[in-house]
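Written out below as structure tokens is the structure these notes cover.
Residue numbers start at 1 and run along the sequence shown.
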Amino acid sequence: MTSNPDARNRWGLLIGINQYPFLGLQSYLKGCLNDVEAMSKTLMEQFGFPQENLTILRDRKATRAGIMAAMNAFAERVGEDDVVVFHYSGHGSRMRDLNGEGEDGMDETIVPHDSGRSTENRDIRDGEIYDWILRLTEKTPYVTLIFDCCHSGSIVRDAFGEQSRSVPPDLRVPEGFSMPSVSARTRSVSVAGPKKGPSGWLPLGERYVVLAGCSHFESSYEVKVGHEEGARHGALTYYLTQALAEARSGNTYLDIFERVAPRVTSMYQFQHPQLEGARDREIFGIRMIEPMRFIPVLVRNGAQVSLGAGASCGLTAGSIWGVYPSGTKTEEGETPLGEVELTAIGAVTSEARIKAEIEPDKIEVGTRAVERSRFVELRLVVEVLAPLDQPDVQRLLDLIGRSKLLRRAEEGEEPEARIYLLPPRTGAFHGEPAPSVGALREETWAVAARDGQLLMLPRPRIDQVGQDGIATIVRNLEGRTRFRHTSSLANPGSLLEGVVEMKLLRRQGGVWSEPPTDGGSEAILYDEDPICFDLTNNHDRPLHLYLMNLGSGGSVSQLYPVRGAEKPLDPGVTVRVGDRVGERLTLGFPKELSSSWHLLGAHRLEGRETFKLFVTTQPADFKVLLQPGYLR
């Protein structure tokens, strides 16, 4: 990858600690200084980070005071929309949570050079790092944090085992300090502290990316490279820098992670790296790259594979899926590795048999499955009312014909949407199509539903700003179809039905309360209303909760948890979504709708915002359902 020509400043804070004099010689590591050297070289040579913008703290300079001073200096120095990388390679640990905010009574920490256990604990808590990230993200959302450490330190690890990057937790309580009760702490998760992801660090949504060496209960190990004793690296950093050296323009964090994670886990079967946050952002860049809608291959066993989605994403048995290499962004021009047919649908995974394969064993773990056809018809029926002999009309028909989500109405069939090519006109008279569009100076595309309401903003036939209006119409109709499908997903009779309570709250005068309703089940809210949700697990076992927002502009987004930060909610615990610094929710109309609502035939600006809760017993990935709004 060549250096990025973007004019934004690029900053890096890299910390590597091999020596821990206050923890004893047994705690010394061998690969952390190598890690920061490899990462600094990668950032400079592959991604255009200026050497003078890299701050590197090694061993004796990486004290608590040194690290905190460097973090504070960065928070002051970083400018608007700059790119920031924080890389820590050293020991991780845990210590008593003295505020009652931790879910298990413990805080995750990184361990500076001068921290100890029998002596003073100078660990840096995750909450301190979170406060620092908040300061950074007030200026820029382009923040990447890499933690090649772990928190599951154990004093009984066998000496034969590989070196792990953690030390035992500090369970000491300061003299005279009264710890909060477990019951009080458990019940207060909703209001006390941020909800952590599986890495143990604190999620901030799309305003950051975290790459962590393992989940919070696992260990991160060092890997020996070559035959020299000092030639060691953290497993995450070693495979990450290798993957970054192979990165191409347009590669996202998810693309890189798909290469790194299997390599680490194949080396250490109980180490599973974690990726949280803006995983579809270009690596160390600013562009969000909309991914191809795919489901990962999780397992292969002979001619059978398991895919990472199921009934919760609307998959159906009998559907046919093409399989592409990991990192594939589009099917256009790409040769599939093979084809599979779904045979059994679980809640969050599916089983499939391989129907075809270009070469043996090409369909492997981490490849991407893309739906080609469904056993159940879900396509939107569309009619085109325009001169069929025109090239742009023919292109429209061709795109509809190739779409997996749209099809042309057959003779005599009632369409669900009509696409009109309207001629110039002085006004709209009774019986004319799309009357709400009114007078037109030029030929204009308009798309209407059965009730006559426009489904999207009208578009001039000849677009003056160079946008592809035909492709936009098709994309928006496909988005509407996916939106409709997501809205209709349900599992009546499920054993999990009703076990999670979801309460919508609105803040007025600094107080959270339930909003008024329309007399039924729908709440009445207004533009710019602050809202939040209380989700309570009333089941007797931990459950995974996924709160989705189906927006009035056609968007489908995941509000909770941050993608990649899936952790189960324990029985009897309430989590509050949307009332946290950096992640607060405010209701609002899409910009396009706010400025052009009259073109859609609306007499006043109103819409329906839907919030849908998915409850599963296993982690799930709903990325196949996510999409931007279609009012463009």
Please report the closest heavy-atom contact between Pro273 and Thr265, naming both atoms and the distance. CD-OG1, 3.8 Å
According to the interplanar angle, ranging from 0 to 90°, do the rings of Phe614 and Phe622 count as parallel (below 30°), tilted (30 to 60°) or perpendicular (above 60°)? tilted
Using side chain to side chain donor-acceptor pair (under 3.5 Å), reason through Gln618 and His544 one step at a time and then give a plain yes or no. CA-CA 6 Å; Gln618 306 170 54; His544 291 269; over 6 Å; no
Between [X] and [Y] (salt bridge meaning N to carboxylate O under 4.0 Å), is one present in this structure?
X: Lys362; Y: Glu357; result: no
X: Glu443; Y: Arg459; result: no
X: Arg259; Y: Asp255; result: no
X: Lys404; Y: Glu331; result: yes
X: Asp280; Y: Arg287; result: no
X: Arg372; Y: Glu339; result: yes
X: Glu351; Y: Arg300; result: no

Could you tell me whether Lys329 sits above the aromatic face of Phe294, with NZ or CZ closer than 6.0 angstrom to the six-membered ring centre and within 45 degrees of the axis? no
Does Arg248 offer a backbone N or O that forms a donor-acceptor pair with the side chain of Asn251 under 3.5 Å? yes
When you compare the side chain of [Y] with that of [X], does any pair of heavy atoms fall below 4.5 Å?
X: Val384; Y: Ile400; answer: yes
X: Glu478; Y: Ser403; answer: yes
X: Thr144; Y: Tyr253; answer: yes
X: Val223; Y: Met267; answer: yes
X: Pro433; Y: Leu422; answer: yes
X: Leu543; Y: Val499; answer: yes
X: Leu477; Y: Val474; answer: no

State which residue, out of Val305, Thr328, Val297, fulfils the side chain to side chain contact (heavy atoms under 4.5 Å, CB included) condition with Thr367. Val297
Per the side chain to side chain contact (heavy atoms under 4.5 Å, CB included) rule, which among Leu569, Thr616, Val577, Thr536 passes with Leu545? Leu569
Tyr268/Ser219 under side chain to side chain donor-acceptor pair (under 3.5 Å): CA gap, chis, key distance, verdict: CA-CA 9 Å; Tyr268 303 109; Ser219 294; over 6 Å; no
Apply salt bridge (Lys or Arg N to Asp or Glu O under 4.0 Å) to residues Glu416 and Arg480 and explain how you reach the verdict. CA-CA 11 Å; Glu416 297 172 277; Arg480 178 168 289 275; over 6 Å; no
Report the C-alpha separation of Arg368 and Glu258 in whole Å, then their side-chain angles, then the decisive distance to 0.1 Å, and conclude whether the salt bridge (Lys or Arg N to Asp or Glu O under 4.0 Å) test is met. CA-CA 10 Å; Arg368 298 179 168 185; Glu258 286 180 339; 3.0 Å; yes
Just list the side-chain donor-acceptor pairs under 3.5 Å for residues 486-495, sequence neighbours left out, or say none.
| residue | atom | partner | partner atom | Å |
| --- | --- | --- | --- | --- |
| Thr486 | OG1 | Arg482 | O | 2.9 |
| Ser487 | OG | Phe483 | O | 2.8 |
| Ser488 | OG | Arg484 | O | 3.4 |
| Ser488 | OG | His485 | O | 2.8 |
| Ser494 | OG | Leu496 | N | 3.0 |

